[in-house]
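To keep things clear, I will list the structure first and then write my remarks on it.
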Amino acid sequence: MKQLVNSILILVLAGVILVGCSKDKAIPDGYQRIIGNDEGQIANKILLAENESGAREIKRVDTSQSTDLLLGTYEQYNCGIFLQFSNLPDTLNIVSADLKFHVQDRLAPGDSSYWDTPHQATVNIYLSDTTGVGPENPPIADNTYLLASETIYSDSLNDIIFSLDTMRVNQWLKTDSSGTEHGIWLTTENADYMAVFYAFESLEATYMPRMTLIYNYTDSTGTKLDTLTYYTARDQFIFPDPPENLTLDDNFLYIGRGVAFRSYLKFDFSEFDTTQHINRAILELTSNAAHSIRNTDGVNNSLIYRMTSAWGEGDVWETPQSASYSPTVADSILSFDITPSVQAWISGQYENFGFQLQSFNEGATLGRIAFYSVNSDSVFQPKVYLYYTSPASQEF
Amino acid sequence: MIRNTIFFLLIGIIFIGMISPATAQSFFSSRGFGERTDYTSAQAIGIGGANIALPDQFQINTLNPATLVNINLSRLSGDFIHQSFWTTSPEGSGFSKYNNLNGISLAIPLKVNRLVVAAGLTPFSQFDYSFDESGVIDDYHYQKIVEGEGGLNKIHVGFGSTIFKRISLGAYFNYYFGKMTKKWRVDYVSDLFWDTSDDIVRKVWGSSFTFGVNINPISSLYLGGFFTPQHELTYRDAVQFGTQKGSYFNKLMDYELEEQKMTMPEMWGTGAVFTAKNRYRFAASYLLEPWSKFDGSGIIANELQDRYRFSVGMELLPSNNLVAKYHEKMTYRAGYFYQQLNFTDEDGQAIKEYGFSLGFGFPYYSGKGRVDLALQYGKRGGLSSDSVKENVFQVYISVIAGEKWFVRRNRNTE
C-alpha cells in the first residue's frame with residue numbers, strides 16, 4: 001500500500017511537471033468570441049481637401065542670411081542684389097574701385113540645352129538708401145548715382161568684376177563713409193537668365209563679394225598707390241516687384257523660396273468622434289514639375305504646419321512636419337506624417353484650423369514647388385490617408 | 001516517508017510555480033465575473049465539493065461556518081492550485097495552465113467543541129485570459145489583442161459555536177475586494193503606426209454576511225446549510241483610451257467614473273454527511289446562487305443565469321489504531337460534481353460542468369497536521385456544436401498545521 005501511495009505521488013508529480021512544462025496555446029477564435037465581429041474595427045479612409053483649401057499668401061522674405069545672391073530674371077522673377085559696407089575711408093583719394101562677385105550657378109527655365117547659346121544681361125549698379133531694407137521694403141535706387149553699367153554673360157563661371165565710377169565713389173565715401181545711409185544696389189536690364197553669386201554668408205574669403213579701392217597717397221618718397229579691400233557687412237537678394245503681381249495658375253498650390261508662397265489646406269474630420277483611435281494619418285501632395293522651379297541647392301524641403309488660428313489671422317503655428325522634394329522632370333508625390341495633428345483634432349484637444357504649407361528656409365534661395373490643388377483631377381488632389389480603429393466594448 | 005512525501009510535494013509546488021504563469025487562461029474566465037471559486041481546500045475538492053455539512057477536525061470550512069466547532073486545535077492552512085485546460089472550439093484547440101495560491105485560513109478553538117473563531121483570505125472569482133487575432137490592411141500587418149486580468153478576493157472572519165447539544169451555528173463577515181482589468185490592443189508591425197491601447201480598470205469592494213447551521217440528529221448523520229443574503233458591492237471604473245508610439249502616449253480619454261453599486265445574488269447551500277462504521281463517510285451537497293437576480297446595469301457583457309452545483313463524495317477515514325501503518329492512517333477520498341455555471345455562452349446557451357475527483361490526506365506531526373492532495377478532472381462547455389468546450393485537470397494541495405495554543409501551564413510552588 002505504501003508503495004502504491006508512493007507510486008501515485010510520483011506519477012502525480014511527474015504529470016504536473018510535464019503538463020506544467022507544456023506551452024500555452026489559445027484557441028484560434030477566442031478573440032472573436034469575446035470581441036465579436038462588429039466591434040473593434042480596423043479601417044482606413046481617404047479624405048480629400050475641402051474647397052476652401054488653396055488660399056494663398058505671397059510675401060517677400062528676409063534673404064539676408066542666404067548664401068546665394070541672385071541677379072537677373074527667371075520667368076516672372078526679377079531679382080536684384082543689395083550690398084552694404086561699413087567703415088569705409090572718407091579721406092582718401094580713390095583712383096580706382098571695383099566690385100567682385102564669384103559665380104556659383106545660373107538659372108533659367110528649360111533644360112541644359114538652354115546654355116548651348118550664351119545669354120547676357122546688362123547690370124546697372126547704383127547707390128541706394130539703406131533705410132527700411134526689410135523684406136517688405138526693397139531699397140530705392142538713386143538714379144543720379146549710377147556707379148557702373150556692364151554686361152555679364154551666362155558662360156562666365158568664375159569671378160565677375162565691375163569697375164565703379166571713381167568720381168561717384170569718392171563723392172559717396174566723403175558723405176557716408178560709415179555706410180549707414182547708403183548701400184549698393186545691382187539691377188539688370190534685358191536679362192534672360194539669372195546669375196547666382198556667393199554671398200558673404202558663404203564664409204569663403206575667395207568667394208565673398210568684395211569691393212577693392214585703390215588710392216594714392218604722398219609721402220616723403222613721393223606719390224604712391226595702395227589698396228584696400230572691403231567685404232560686405234550685409235548682402236541679400238531682393239525681388240523688387242510686388243509679389244502679388246506674380247501670376248500663378250489657380251489649379252496649383254504653391255510654396256516658394258526667395259518669394260515666399262504659403263498655401264492653405266484643410267480637411268474635414270468631423271465624421272470621426274473622440275473614440276476613434278487614429279493609428280496613422282498621411283498627407284499626400286502631388287507636385288507638378290512643369291510649374292515648379294528647382295532651387296540651386298537641388299532639394300526643396302516642404303514644411304506643413306498645423307495652424308493654431310484661422311488662416312490670415314497671424315503667423316501662429318506649431319512644430320511642422322517636413323518632406324523633401326528631390327526635383328525630377330516628372331511629377332512626384334510628397335508624404336507628410338500628420339498623425340499627431342489629426343489625433344489632436346479628432347480628440348478635441350485643438351480646433352481644426354487646417355494646415356499651412358510652405359518651404360523650408362524661405363529666404364535661402366529661389367525655388368518653387370507647385371502641387372495639384374482641389375481644382376485638379378481627384379487622382380492628383382491633396383489627400384489624407386487615414387488608418388483608424390474603433391474601440392471594442394469596454395464591458396466586462 | 002511522510003517527510004519524503006512532503007518534500008516531493010513542496011518541490012513540485014516550487015517548480016511549477018517557477019515555470020508557469022499565474023494566469024487562468026480558461027476561456028470561461030472571460031465570462032461574467034470570471035471563474036467562481038467556492039472551494040479552496042483539497043479535502044473539499046477530494047469529495048467533489050460535498051463539504052457543506054462535513055464535520056472535520058482539520059477543515060476550515062469557508063462555506064458553512066457552523067462546522068468550525070469540530071476543529072480541536074489551532075489550525076493554519078494554506079492551499080495551492082494547479083489547473084490545466086485543454087480547450088476546443090470549431091476553429092481549433094488550445095492549452096493553458098494556471099498555478100497560484102488558493103487561500104490561507106486560520107482557526108482557533110477558544111473552547112474545544114464549543115467555540116471556534118476563524119479568518120481567511122480566499123479567491124472569490126478569477127478573471128484571466130489573453131486572446132489575439134492577426135490581420136492586415138493595405139499590406140500593413142497588425143495584431144488585435146484582448147486581455148483580462150484580476151478578480152475578486154474575499155476576507156472572511158467568523159465563528160462557529162455549539163448553541164445546543166447537536167446544533168451548531170456560525171457566521172462569517174465577508175469583505176470582498178479586487179481589481180479587474182480589461183485591455184484591448186491593436187499592435188501594428190510597422191513603426192510608422194501608432195498602436196491602439198485601451199484599458200478599463202474596475203475596482204470592486206463590499207461586504208456580506210454568511211450564516212450557517214449544522215445539526216447532528218444522530219451520531220452518524222450531519223445535516224447542514226448556509227446562507228449568504230443578497231448584498232451590494234461598490235465598484236468604480238477607470239477608463240483610458242489612447243494610441244501609443246514608442247514612449248509617446250496620446251490620450252483620447254482618461255477619466256474615472258463615479259462609484260456605483262451592484263447587487264450580488266444570495267447564495268445558499270445544504271448538505272448531508274453520513275458516517276458508517278466510523279470509517280466510511282458519505283456526503284452530498286447542493287448549492288444555489290441565482291445570478292439572474294444580479295443587478296448592475298450594463299457592467300457585465302454576458303447574460304447571466306442561475307448557478308447551481310450538486311456534489312456527492314465519500315471518505316475513507318484514517319484508522320485510530322495507534323500501531324496502524326502509515327497508509328492506514330491516511331484518508332482516501334472520491335467525489336463527483338455537476339454544476340451549471342453562472343453565465344451563458346455567446347449564443348445564450350447554458351454552460352454545464354461535471355467532474356470526478358480523487359483525494360488523499362497525509363497526516364504528519366503525530367496526526368496534528370495533514371497534507372491533503374486532490375486531483376480533479378472535469379469537462380465544461382455549452383451544449384451546441386459551436387460552443388467552446390474545456391477539459392480541466394486540477395491539482396489541489398492543502399497543508400494544514402495544528403497546534404495547541406493558549407495552554408495554561410501549571411506553576412510549581414515550593
Side-chain angles (χ1 to χ4, degrees), chain A residues 1-6 8-10 12-36 39-44 273-282 337 339-340 343-344 346-349 385 387-396, chain B residues 1 5 8 12 15-16 19-20 25 27 30 82 84 87-89 91-97 99 129-133 135 137-138 140 142 144 146 180 182 184 186 188 192-196 198 200 202 239 241 243 250 252-253 298-301 325-327 330 346 360 373 375 388 393 395:
Chain A
M1 188 64 180
K2 182 170 78 176
Q3 284 176 343
L4 176 64
V5 170
N6 270 345
I8 291 172
L9 286 174
I10 290 169
V12 166
L13 191 59
V16 169
I17 292 172
L18 193 66
V19 167
C21 291
S22 305
K23 202 173 169 186
D24 280 1
K25 177 184 163 233
I27 52 172
D29 56 343
Y31 177 91
Q32 199 175 52
R33 286 178 181 270
I34 292 172
I35 298 295
E39 295 176 356
Q41 295 298 316
I42 316 298
N44 62 350
D273 63 41
T274 55
T275 63
Q276 306 288 33
H277 301 61
I278 304 302
N279 302 112
R280 191 167 185 229
I282 297 296
D337 188 338
T339 309
Q343 287 175 338
I346 290 175
S347 70
Q349 182 183 8
Y385 291 87
Y387 296 87
Y388 62 98
T389 46
S390 302
S393 167
Q394 294 307 312
E395 291 176 318
F396 280 87
Chain B
M1 183 263 182
T5 306
F8 278 125
F15 182 76
I16 298 300
I19 66 172
S20 303
Q25 275 290 352
F27 172 78
S30 66
H82 165 82
S84 294
T87 312
T88 57
S89 75
E91 299 298 321
S93 61
F95 171 76
S96 57
K97 53 192 180 293
N99 307 289
Y129 59 87
S130 176
F131 296 99
D132 59 74
E133 188 175 80
I137 184 167
D138 287 353
Y140 295 108
Y142 59 83
K144 295 190 286 188
V146 61
M180 296 185 284
K182 185 173 176 181
W184 183 62
V186 177
Y188 280 88
L192 299 174
F193 282 74
W194 290 64
D195 297 330
T196 295
D198 287 357
I200 176 168
R202 175 168 294 160
V239 175
F241 283 17
T243 51
N250 173 53
L252 287 177
M253 287 185 189
I299 68 166
I300 298 290
K325 293 181 181 165
Y326 181 81
H327 69 269
M330 286 174 53
E346 50 269 28
F360 304 91
L373 169 70
L375 314 172
V388 172
F393 172 67
V395 176

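Each chain gets a letter, A, B and so on, in the order the sequences are listed, and its residues count up from 1.
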#### Entry: Pairing residues for Thr88(B) by the side-chain hydrogen bond (donor to acceptor under 3.5 Å, both in side chains) criterion, not counting sequence neighbours
none
### Task
Of all the heavy-atom pairs spanning Ala43(A) and Ile137(B), show the shortest one and how long it is.
C-CD1, 3.6 Å
### Query
Just by distance, with hydrogens left out, do Asn279(A) and Thr196(B) show a side-chain donor and acceptor under 3.5 Å apart?
yes
### Query
Is chain B contacted by the side chain of Thr339(A), its backbone, both, or neither, given a heavy-atom distance below 4.5 Å?
side chain
### Message
Among Lys25(A), Arg33(A), Gln32(A), which residue has the highest count of heavy-atom pairs closer than 4.5 Å to chain B?
### Response
Arg33(A)
### Query
Have Tyr31(A) and Trp184(B) got a donor and an acceptor in their side chains that come within less than 3.5 Å?
yes
#### Entry: Those residues that, when tested against Tyr140(B), pass side-chain hydrogen bond (donor to acceptor under 3.5 Å, both in side chains) (two or more places apart)
Arg280(A)
### Query
Side chain, backbone, both or neither: which part of Phe193(B) has a heavy atom under 4.5 Å from chain A?
both
### Query
CG/Asp337(A) to CG/Leu192(B) distance, rounded to the nearest 0.5 angstrom?
7.5 Å
## Note on the structure
Rounded to the nearest 0.5 angstrom, the OG1-CZ distance for Thr274(A) and Phe241(B) is 9.0 Å
### Query
Which bit of Val146(B) is near chain A, if near means a heavy-atom gap under 4.5 Å: side chain, backbone, both or neither?
both
### Query
Which bit of Asn250(B) is near chain A, if near means a heavy-atom gap under 4.5 Å: side chain, backbone, both or neither?
side chain
### Task
Please state whether the side chain, the backbone, both or neither of Gln276(A) comes within less than 4.5 Å of a heavy atom of chain B.
backbone
### Query
Which heavy atom of Ser93(B) sits nearest a heavy atom of Ile27(A), and at what distance?
C-CG2, 3.9 Å
### Query
Between Ile346(A) and chain B, which part of the residue has a heavy atom less than 4.5 Å away: side chain, backbone, both or neither?
neither
### Message
Between Asp138(B) and Tyr385(A), do the side chains contain a donor N or O and an acceptor N or O under 3.5 Å apart?
### Response
no
### Query
To the nearest 0.5 Å, how far apart are NE2 in His277(A) and CE in Met253(B)?
8.0 Å
### Task
Considering non-hydrogen atoms only, spot the tightest contact between Ser130(B) and Ala26(A) and give its length.
O-CB, 4.0 Å
### Task
Side chain from CB out, backbone as N, CA, C, O: work out which of these in Ile42(A) comes under 4.5 Å of a heavy atom of chain B, or both, or neither.
both
### Query
To the nearest 0.5 Å, how far apart are CZ in Phe27(B) and CG in Asp29(A)?
7.5 Å
